[in-house]
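Whatever order the structure lists ligands and atoms in, that order sets their numbers, starting from 1.
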Amino acid sequence: MSVSSKAVVLIGGPSKGTRMRPLTLDTPKPLFPIAGRPLMWHHIRALSMVAGLTEVFLIGFYEDAVFAPFLKDVSREFKNLSVKYMREYQALGTAGGLYHFRDTILRGNPGQIFVLHVDICCSFPLKELRDFHGTHRGLVSMLGVRVPTETALKYGCIVPDPRTKQVLHYVEKPEGFISDLINGGVYLLEAQGFFEAIRVAMVRKSQQQAEDPYMYQDDLLRLEQDVIVPLCDTKKVFVYETPDFWRQIKSAGSALPATALYLNQYHTTNPEMLAKPTPSGPEIVEPVHIDATAQVDPSAKIGPSVSIGPGVVIGAGVRVKESIILDNVTVEKNAIVSNSIIAADCRIGPWARIEGEPLKPTSVEDSSTKETITILANNVNVARDVLVRCCIVLPQKTLTSNCHNEVLL
Ligand code: GTP
């Protein structure tokens, strides 16, 4: 029988996710559409498949109202799960938020707690993580991911015992290289023991603050630095290395590779979620997501790695590839959109070209930056024949002449 478990998704708040701007000016990052679904929908879907898991808490410091429609939708879709949002009165840090809501999380005495960062895209191998957790006697199993050596310093780096997988050293964003195995932001914790470790970390931090108020000014309690690192010293942390895909979603551009990865996954696991080529429909190069309310002219060619949102109108002869097109965008005849994100209510004139540089399929890095793709924020108009290449365009602009490598305010 499986151990009872609950889950927490750490979703941050409006002061986080600023690197996703201008896309998150109107939509909070956890709701930004990735592969046609809100970013955190993918987390909830993965959690809904864990045997014995019935409760998911989203912990953050956004206004409550912003998540109400999403919570309604997921409760309808994932009937086996109760999903609740719990709001921190201010940012408490990744462990502070967990501790603040400990009574609710521990109600009913769950054996294990999954904790997921929201700002990642991954296959969420939760069953594998749980199986691995059963092989050791530690308090924490964390998901480890191999990244290219030159990018490792940007993450929490893990040095494990090669045989037992016990974490010998963990350093958050080290100054020099220690390992290319990094923290993927997915944990499985022994509930009682781990919350006791957070309590100890809380007491330690208060003592440090009392002794040196200048050095320890903030009230944040961090999961990695304040709780996991001391637990590594007591040999309680183990790492499960996934061979599957993983990306961090920090910058606006990282929505594109994340969309491509999820579309690829669902093409294999849930093809019914994606658009299928039909003899009378547009030419589809799979995998592609097209919302049921979008209208795509049969002479258009769409894909691969394209997500088209509700109410979008795609005209005759249009070509779209490796791009995200959000709600109510109109793309007029013979326009081309590639390696770009087009936010809601934009209008792209006939024969216009909106393009970025092709995705790098091998990199796990958050590499699609503002220099390499084009992002049109809400309500941008692009006139006919205009070429927009590798630009960030802020809301409400009208573009009537060609632009390259620019940020247009
Ligand atoms: P950065 O590169 O500095 O962003 O560090 P990081 O990738 O380790 O991310 P960070 O630790 O800031 O956040 C990890 C996850 O926790 C993200 O999903 C955040 O949205 C979330 N998070 C961060 N701070 C808080 C907080 O104070 N409260 C809550 N509930 N969530 C948080």
A.B. asks: Using a strict 4.0 Å cut-off to heavy atoms of Ile59, name the atoms of ligand 1 that fall inside it.
C.D. replies: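 Checking each atom against Ile59, I get 29 (C), 30 (N).
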
A.B. asks: For Asp244, what residues pass the side chain to side chain donor-acceptor pair (under 3.5 Å) criterion, not counting sequence neighbours?
C.D. replies: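 Asp244: side chain to side chain donor-acceptor pair (under 3.5 Å) contacts with Ser123.
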
A.B. asks: Under a heavy-atom criterion of less than 4.0 Å, does Phe61 contact ligand 1?
C.D. replies: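 Heavy atoms of Phe61 do come under 4.0 Å of ligand 1.
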
A.B. asks: Considering both backbone and side-chain atoms of Leu220, is one of its nitrogen or oxygen atoms within less than 3.5 Å of a nitrogen or oxygen in ligand 1?
C.D. replies: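 No - when backbone and side-chain N and O of Leu220 are compared with those of ligand 1, no distance drops under 3.5 Å.
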
A.B. asks: What atoms of ligand 1 come within less than 4.0 Å of a heavy atom belonging to Lys173?
C.D. replies: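 Those atoms are 1 (P), 2 (O), 3 (O), 5 (O).
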
A.B. asks: Tell me whether Gln248 reaches ligand 1 (any heavy atom closer than 4.0 angstrom to a ligand atom).
C.D. replies: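 Checking ligand 1 against Gln248, which is what was asked, there is a heavy-atom contact under 4.0 Å.
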
A.B. asks: For Gly60, counting its heavy atoms only, list the atoms of ligand 1 lying under 4.0 Å from any of them.
C.D. replies: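 By the 4.0 Å cutoff, the relevant atoms are 30 (N).
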
A.B. asks: Kindly assign one of parallel, tilted or perpendicular to the pair His42 and Tyr262, based on the angle between their ring planes and the thresholds 30° and 60°.
C.D. replies: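 Parallel: the ring planes of His42 and Tyr262 meet at under 30°.
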
A.B. asks: Counting heavy atoms only, which of His117, Lys154, Lys29, Glu172 comes nearest to atom 14 (C) of ligand 1?
C.D. replies: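 Heavy atom nearest to atom 14 (C) of ligand 1 belongs to His117.
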
A.B. asks: Taking the six-membered ring for Trp, are Tyr155 and Trp246 closer than 6.0 Å centroid to centroid?
C.D. replies: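 Yes: the rings meet the under 6.0 Å criterion.
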
A.B. asks: Hey, does Ala91 sit under 4.0 Å from ligand 1 if you only count heavy atoms?
C.D. replies: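 Yes; Ala91 lies near enough to ligand 1 that a heavy-atom distance drops under 4.0 Å.
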
A.B. asks: Which ligand 1 atoms are under 4.0 Å away from a heavy-atom of Ile11?
C.D. replies: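 The list of qualifying atoms is 20 (O).
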
A.B. asks: Between Lys235 (side chain only) and Cys232 (backbone N and O only), is there a donor and an acceptor less than 3.5 Å apart?
C.D. replies: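 Checked: no pair found.
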
A.B. asks: Does the ring centre of Tyr62 sit less than 6.0 Å away from the ring centre of Phe67?
C.D. replies: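 Phe67 vs Tyr62: aromatic centres under 6.0 Å.
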
A.B. asks: Can you find a non-hydrogen atom of Lys250 under 4.0 Å from ligand 1?
C.D. replies: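 True for this residue.
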
A.B. asks: My understanding is that only residues two or more places apart in sequence, or in another chain, count here; which of them pass salt bridge (charged side-chain N to carboxylate O under 4.0 Å, His left out) with Asp64?
C.D. replies: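 With sequence neighbours excluded, Asp64 shows a salt bridge (charged side-chain N to carboxylate O under 4.0 Å, His left out) to Arg87, given in chain and number order.
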
A.B. asks: Counting distance only, does the side-chain N/O of Asn80 pair as donor-acceptor with the main-chain N or O of Ser48 below 3.5 Å?
C.D. replies: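 Yes; judged by distance alone, with no hydrogens or angles, the pair exists.
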
A.B. asks: Provide the number and element of each atom of ligand 1 under 4.0 Å from a heavy atom of Leu92.
C.D. replies: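 This gives 27 (O) as the contact atoms.
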
A.B. asks: Can we call the ring centroids of Phe238 and His133 under 6.0 Å apart?
C.D. replies: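 No, they do not, as the ring centres are separated by 6.0 Å or more.
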
A.B. asks: Number the atoms of ligand 1 from 1 as they appear, then name those within less than 4.0 Å of a heavy atom of Gly93, with their elements.
C.D. replies: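 Heavy-atom distances to Gly93 below 4.0 Å select 26 (C), 27 (O), 28 (N).
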
